[in-house]
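Working notes, beginning with the structure itself.
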Amino acid sequence: MRAIVVHEGGGPEVLELEDVPDPTPDDGRVLVRVEAAGVNHFDITQRMAPEMSGATPPFTPGLDAAGTRADNGERVLVTGSPGAYAELMAAPPDNVRPIPDSLDASKAAGLGVAYKTAWAGLMDAELREGEALLVQAGSSGTGQAAIDIGRYLGAKVYATAGSSKHDRLAELGAEPLAYDDEKLAELGADVVFDPVLGDAFERSLAALKPTGRLTTCGALGGPTVSVNMWTVVGKRLRIIGSGAASVTAEQLDRIIELVASGELNGPVVDRELPLEQAGEAHRLIEERQTFGKIILKP
């Protein structure tokens, strides 16, 4: 089969298309014929520094894929299992969930990590109907998922992005804001979903109302932040670490059901690229030239 293989950490150019042996579905794993693979920020971090993610080269990246089971032809989403940038992958049964015919493979492949991460963050923050939600980096796959889920939960949603993406944010139902918008300090959000941290962290805290909750799932802007603790203490804020791993199979099935029924819009697919252009997909995401998900097609 064809697969993307990383032999050493580095830039997008280390993503090499190779012919490799088919995976073996041993230890009860399920063999899946991949029709679409979602690209996540985790894949980029893993490519740049494999040791930070526990990966040992050579390896095939990718955690999300949609396709069909090789044993019975059932349409499925595979999420949270490595090896998605390939024509075939083998995954534990708990990581393989059925999807309805109404959900196309590209949209399904974009669901996994992004929607699980956003769901976990907003559930951990206990976002409620009628509350105000600020989503940092709303044009990212995870940010777009947080907007979608926040809207479904009945929140008033605000989202930050570059000015060229504001119209797209508005189409999703969020009020767009610049990353440095002066309105942030007066927003009074109940919840901030911040996958960026770095220099944006202080602005996220400033955007919260007293007793507000900040939920974070990552650190695209850098894991080291500067915090004025008087802001946290004075406003009695809660800072919550969250992640996709806490989402159960039943919760993921519920997310799939909500997308299939139209209650959630589902992921925005920015573009589809052939598997051999995995490096280009990473470059576009790193240069912030995307809105939503890039999908690789084997």
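No continuous path of hydrophobic side-chain contacts links V5 to L296 [ILVMFWY only; heavy atoms under 4.5 Å]. Placement of V113 and I99 in two distinct hydrophobic clusters is found when ILVMFWY residues are connected by side-chain heavy-atom separations under 4.5 Å, directly or transitively. With hydrophobic clusters built from ILVMFWY side chains whose heavy atoms lie under 4.5 angstrom apart, Y152 shares a cluster with L122. Transitive grouping of hydrophobic side chains (ILVMFWY, heavy atoms separated by less than 4.5 Å) keeps W119 and I240 in distinct clusters. Hydrophobic clustering of Ile, Leu, Val, Met, Phe, Trp and Tyr side chains at less than 4.5 Å, counting indirect connections, unites Y115 with M123.
Counted within 6.0 Å of CG on D26, heavy atoms from surrounding residues, nucleotides or ligands total more than 12; the atom is thus considered enclosed. Applying the 6.0 Å contact sphere to CE of M48 captures no more than 12 heavy atoms from other residues, nucleotides or ligands. Around the CD atom of E8, the shell of radius 6.0 Å holds no more than 12 heavy atoms that belong to other residues, nucleotides or ligands. E13 CD: more than 12 foreign heavy atoms inside a 6.0 Å radius. At most 12 heavy atoms of other shown residues, nucleotides or ligands fall within 6.0 angstrom of atom CZ in R288. Around the CD atom of E51, the shell of radius 6.0 Å holds more than 12 heavy atoms that belong to other residues, nucleotides or ligands. For K209, the NZ atom is loosely surrounded, since the number of other residues' heavy atoms within 6.0 Å does not exceed 12.
Between S81 and N95, the side chains place no donor N or O within less than 3.5 Å of an acceptor N or O (distance only, hydrogens not considered). Residues Y179 and D199 bring no donor and acceptor atom of their side chains to less than 3.5 Å of each other. Checked by atom type, the side-chain pair D124/S242 shows a donor-acceptor distance below 3.5 Å.
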What do the steps show when you test D253 against R97 for salt bridge (charged side-chain N to carboxylate O under 4.0 Å, His left out), and what is the final call?
CA-CA 7 Å; D253 288 344; R97 312 308 302 169; 2.7 Å; yes
Evaluate the criterion side-chain contact (heavy atoms from CB on, under 4.5 Å) for residue pair L172 and D148; output intermediate values, then yes/no.
CA-CA 7 Å; L172 296 179; D148 196 10; over 6 Å; no
Audit row: K183, D181, salt bridge (charged side-chain N to carboxylate O under 4.0 Å, His left out) steps and yes/no
CA-CA 5 Å; K183 294 179 183 178; D181 198 309; 5.1 Å; no
Decide yes or no on side-chain contact (heavy atoms from CB on, under 4.5 Å) for L111 and L103, but give the supporting numbers first.
CA-CA 11 Å; L111 268 180; L103 187 58; 3.9 Å; yes
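Taking all atoms of both residues into account, the shortest heavy-atom contact from R213 to L208 is O-CD2, 3.5 Å. Smallest separation of non-hydrogen atoms from A207 and L134: CB-CD2, 3.7 Å. In plain terms, the two heavy atoms of Y158 and A132 that are nearest each other are CE1-CB, 4.2 Å. Residues P100 and R75 come closest through the heavy atom pair O-NH1, 2.6 Å. Residues G83 and A86 share a closest heavy-atom pair of O-CB, 3.7 Å. The two atoms that bring A114 and K293 nearest to each other are CB-NZ, 4.3 Å, heavy atoms only.
Side-chain atoms of H7 never come within 3.5 Å of backbone atoms of V14 as a donor-acceptor pair (strictly under, hydrogens ignored). Side-chain atoms of T60 never come within 3.5 Å of backbone atoms of Y85 as a donor-acceptor pair (strictly under, hydrogens ignored). At distances below 3.5 Å, not a single donor-acceptor pair connects side-chain atoms of R2 with backbone N or O atoms of E87. Looking only at distances, no side-chain donor or acceptor of D27 sits under 3.5 Å from a matching main-chain atom of R29. Counting only distance, with no hydrogens or angles, the side chain of D22 and the backbone of M1 share a donor-acceptor pair below 3.5 Å. Between the side chain of D64 and the backbone N or O of G110, no donor-acceptor pair lies under 3.5 Å. Counting only distance, with no hydrogens or angles, the side chain of D194 and the backbone of L197 share a donor-acceptor pair below 3.5 Å.
D94 CG to T79 OG1: the interatomic distance, rounded to the nearest 0.5 Å, is 12.5 Å. Separating the CD atom in E202 from the CG atom in N228 is a distance of 6.0 Å, to the nearest 0.5 Å. Atom CZ of R254 and atom CG of L264 lie 8.5 Å apart (nearest 0.5 Å). Considering CD1 of I4 and CG of D43, their distance stands at 11.5 Å, rounded to 0.5 Å. Atom CG of L169 sits about 11.0 Å away from atom OG of S163, to the nearest 0.5 Å. One distance of note links CD of E250 with CD1 of I255; it measures 12.0 Å at 0.5 Å rounding.
Results of the side-chain hydrogen bond (donor to acceptor under 3.5 Å, both in side chains) test with H282 over R47, H41, Q277 single out R47 as the only residue that passes. For the side chain to side chain contact (heavy atoms under 4.5 Å, CB included) with K156, the lone residue among E129, R151, E175, E131 that qualifies is E175. L237 pairs in a side chain to side chain contact (heavy atoms under 4.5 Å, CB included) with only one of the listed residues (T211, T231, L214), which is T231.
Between Q289 and R283 there is a side-chain heavy-atom pair separated by less than 4.5 Å. At a threshold of 4.5 Å between non-hydrogen side-chain atoms, the residues L127 and F193 do not count as touching. Put simply, the side chain of I239 reaches to within 4.5 Å of the side chain of L205, judged on heavy atoms. Between V6 and Q46, the closest side-chain pair of non-hydrogen atoms is not below 4.5 Å. Residues P50 and F59 form a side-chain contact, since some pair of their non-hydrogen atoms from C-beta on lies under 4.5 Å apart. Counting heavy atoms from C-beta outward, I44 and P61 have side chains that stay 4.5 Å or more apart. Looking at heavy atoms from C-beta onward, P12 lies in side-chain contact with E286 at the 4.5 angstrom threshold. A 4.5 Å side-chain heavy-atom check between V268 and R168 finds at least one atom pair inside the cut-off.
With sequence neighbours excluded, no residue satisfies salt bridge (Lys or Arg N to Asp or Glu O under 4.0 Å) with E74.
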